[in-house]
Every structure is written in structure tokens, then in C-alpha cells.
Amino acid sequence: MIKGLIVFLAFFLCFTTAQAQNYEESKVPAYTLPEVLKMEDGTAVRNKASWENKRRPEILRLFEDNVYGQMPKKHDSLSFTVTNEVPNAMDGMARLKEVTITAWKDKKSADIHLTLFIPTKPKKPVPAFLLINNRDQNNTDPTRATKSDFWPAEMVVDSGYAVAAFHVSDAAPDTKDSYQNGILRLYPEQLKADNGMKAIGAWAWAASRVMDYFEADKDIDARKVALVGHSRGGKAASWAGAQDQRFAIVISNNSGNTGAALSRRRFGETVKKINDTFPHWFNDNYKKYNDNEAALPVDQHMLLSLIAPRPVYVTSASEDLWADPRGSYISLLQAQKAYNLYKKPSALSPEPPAINSPIINSYLGYHNREGKHNLTAYDWQNFIQFADYHFTKQK
Ligand code: GTR
């Protein structure tokens with residue numbers, strides 16, 4: 001009898017929690033987005049100069065304080081150690097380099113392990129794709145015994161790009177009890193601050209250290225690096241790209257809540273849901289906005305606007321309602337305002353494009369792939385076309 005009651009209660013709780021998330025467009029609440037081009041004091045931003053000198057830094061600070069946490073700028077030193085090199089990897093198509101990037105601060109160090117394939121054919125330096133890998137390490141197997149569409153390295157190399165990846169666990173292990181054991185060991189003060197960096201910030205920080213390495217590797221054209229992240233990795237890639245203007249292209253794949261999707265729409269995953277499930281991703285201040293999105297001084301269109309004038313590509317998947325495809329597209333549309341200051345053309349239509357109809361020839365690119373939440377060969381094919389367009393065809 002008691003057992004029956006407990007089973008009933010468990011089902012009831014699961015059911016009501018699942019019901020709490022909205023998947024109906026008609027139930028999206030009315031909302032007002034903060035203006036990309038209006039300062040907190042109400043001053044309008046009319047040109048590049050006031051965007052770059054005033055509004056952009058203001059938005060960055062708002063995201064640091066209220067969402068992702070501070071991005072520590074200082075370390076004592078950085079070293080790069082090539083731990084393995086295979087000149088004829090991928091049947092001669094590429095040179096493999098495995099590199100340990102070590103950051104030192106206050107006599108403490110943290111390692112980020114980079115796997116990098118550089119095509120042997122084209123002239124050096126070559127443009128590159130960097131993936132923040134939030135899935136199993138096998139997805140970026142340096143031996144290529146395991147191959148995965150999550151990181152189709154052969155396809156990327158065959159298209160004339162170097163392809164690289166690091167795993168999020170090096171920067172911050174992805175649990176609430178262990179995220180402190182990566183690069184946050186160098187920045188213990190962050191753990192005590194309400195606006196302190198947590199896991200997503202740490203992953204973004206690590207992407208920038210890889211960029212430091214690229215700048216030192218003569219085979220890589222560091223001015224042509226596309227940063228890719230999927231889902232939680234896509235949130236980190238967007239934040240890294242917003243911060244670090246050395247990333248020439250930013251690709252936010254199925255990044256959803258606190259990635260590309262607008263929080264105020266409360267469609268699919270919400271701020272409360274993400275904070276409750278992943279308390280170690282965003283800073284402590286962000287918890288104040290649980291069920292209180294209207295009080296946020298930012299929304300995610302402002303994160304995308306920070307990438308301007310560099311090309312940005314956002315994706316959704318048709319069955320991935322949790323990540324709010326429509327809300328991600330509206331967010332991208334709103335970010336256009338910053339691109340307009342630079343007169344960077346956009347081919348975005350007012351309504352989201354049909355499924356599997358990518359928008360490539362545009363500073364703001366997008367596709368909604370048919371299928372589930374994932375990073376697939378289809379997605380990568382479009383990333384490559386987007387990079388081809390911006391790095392070679394469109395000058
Ligand atoms: C989900 C989470 C999403 C997304 C996803 C993923 O559980 O709610 O925000 O990050 O994980 O990373 O695949």
C-alpha cells in the first residue's frame with residue numbers, strides 16, 4: 001500500500017515537472033527584450049564608436065555579472081608541449097599534433113590537451129575549426145580507430161581546414177562537485193564571488209588558451225579560426241566568441257537556453273530548470289533570475305550581438321524543442337542590429353527558414369536541421385560552406 005503510494009507520488013512529480021516546461025507557441029508569455037543599441041542609462045547607440053567603446057563593454061560586463069561569471073585575464077605563463085606527432089595521419093592526408101597547453105598561475109598549473117590535424121596538401125598556414133568537446137572523448141579520437149560525425153575530422157581536413165578539439169573536462173569537469181578541479185584551481189577567488197566563473201566560463205577560457213596556441217603555431221592561420229560548440233559546448237563557444245575577438249567565426253550548435261535561445265520566451269528549458277539541474281554552469285547571481293527572466297538586464301540576442309562584426313552561425317534541430325528553435329532564430333534576428341552598425345549584410349528572412357534550408361551567404365547564418373538534438377555531418381557540411389564563404393569567396 002505504502003509502496004504503491006510512493007510509486008504514485010513519484011509518477012505524479014515526474015508528470016508535473018515535465019508539464020512545467022512549455023512547448024506551445026501560444027503559451028509563450030508577452031515579453032520585452034532589452035535593446036541591443038540602448039545603453040543602460042537610456043542613451044541610444046548610433047555608431048560603431050559608441051558600440052565598441054561603451055555599449056559592447058557594458059553588455060560584456062552585464063553577462064559576466066549576471067550570467068557566465070568573470071573571465072580571468074591574467075595567468076603567469078603558458079607553455080605548449082607537443083606530446084605526439086604523426087606526419088602521415090589519416091592515410092597521409094594530415095599531420096597529427098597532440099599538444100598539452102599548460103597554464104601557470106601562483107605556482108599552480110592546469111593542462112588542456114589539444115588534438116589537432118593539419119592537412120598536408122594545401123599551402124600553410126591553413127584556417128582551422130576548433131571544437132569544444134562536451135561528449136565522450138572517443139568522438140575526437142586522435143588514432144582515428146573510432147570515427148564520429150560529431151567531429152568528422154577527415155571531412156574537415158579534406159575541405160582544406162585544420163581541425164582541432166579539446167575536452168571540457170580538462171577545463172572544468174562537468175559535475176557540481178568536481179567542476180572546481182580544472183582551471184578554477186588557478187583562480188580560487190572565483191569560487192567565492194557571486195559573479196565568479198563556473199564550468200561554462202572555464203570551458204570558454206580554455207578555448208581562448210587554444211587560440212593562444214594557434215597564434216604560436218605557424219601551420220595555422222590564427223586569423224581564420226572558426227569556433228564550434230554543441231549544446232552546453234555551444235553555450236561555451238558563444239560566450240568565448242563574444243569575449244575573445246580573435247575567433248573569426250563562431251558556431252553555436254543547438255545551444256538552447258543560455259546559449260542562442262531567448263530566455264524570456266520560457267519555451268522548453270528555462271533559466272530555473274537549467275540552474276536547478278546544472279548549478280555549476282553559471283554564476284550564483286544567475287539564480288536570482290529563476291522564474292524571473294524579465295528582471296535580467298540582458299537576453300541572449302545580446303550575447304550574439306557581441307560577436308559582430310564577425311560571422312556567426314546558429315543552428316537548431318527540428319525535434320529539439322527543448323532548445324527552442326524559434327527563440328534561437330529570433331535571437332539571431334535581433335542581433336542583426338549590431339551587424340547593421342558595421343553594414344555587414346544579412347540574408348536572414350523575417351521568419352525562420354524551412355527545415356534543411358541553410359542560410360549561408362550572410363554574416364548571420366542559420367539552419368534548422370531535420371532531426372534530434374545532436375551535432376552531425378550535415379551540420380558540419382554547412383559550417384564548412386559558411387567558412388568557405390567568409391574566408392575565401394567573400395572578401
Ligand atoms: C541538457 C541541457 C541543455 C543542453 C544539453 C546538452 O540536459 O538541459 O541545456 O546543454 O543538456 O549539453 O546536450
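For ligands, and for the atoms within them, numbers begin at 1 and follow the listed sequence. Predicted model, so just to flag it, every value in this text is computed and none were measured.
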Is it true that the side chains of [X] and [Y] contain a donor and an acceptor less than 3.5 Å apart?
| X | Y | result |
| --- | --- | --- |
| Thr175 | Ser178 | yes |
| Ser316 | Tyr366 | yes |
| Arg135 | Asn374 | yes |

Tell me, please, which residues at least two apart from Glu35 pass salt bridge (Lys or Arg N to Asp or Glu O under 4.0 Å).
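Expected list: Lys337.
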
Assert yes or no for the condition that the ring centre distance of Phe150 to His230 is strictly below 6.0 Å.
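Between His230 and Phe150, which both carry aromatic rings, the centre distance is below 6.0 Å.
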
Residue by residue, ordered by chain and number, which ones reach under 4.0 Å of ligand 1 with a heavy atom?
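The answer is Ser231, Arg232, Lys235, Glu269, Ile274, Phe278, Trp281, Trp322, His373, counting any residue whose heavy atom sits under 4.0 Å from ligand 1.
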
Atom CG of residue position Asp91 - does it have more than 12 heavy atoms of other residues, nucleotides or ligands inside 6.0 Å?
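Count not over threshold, so no.
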
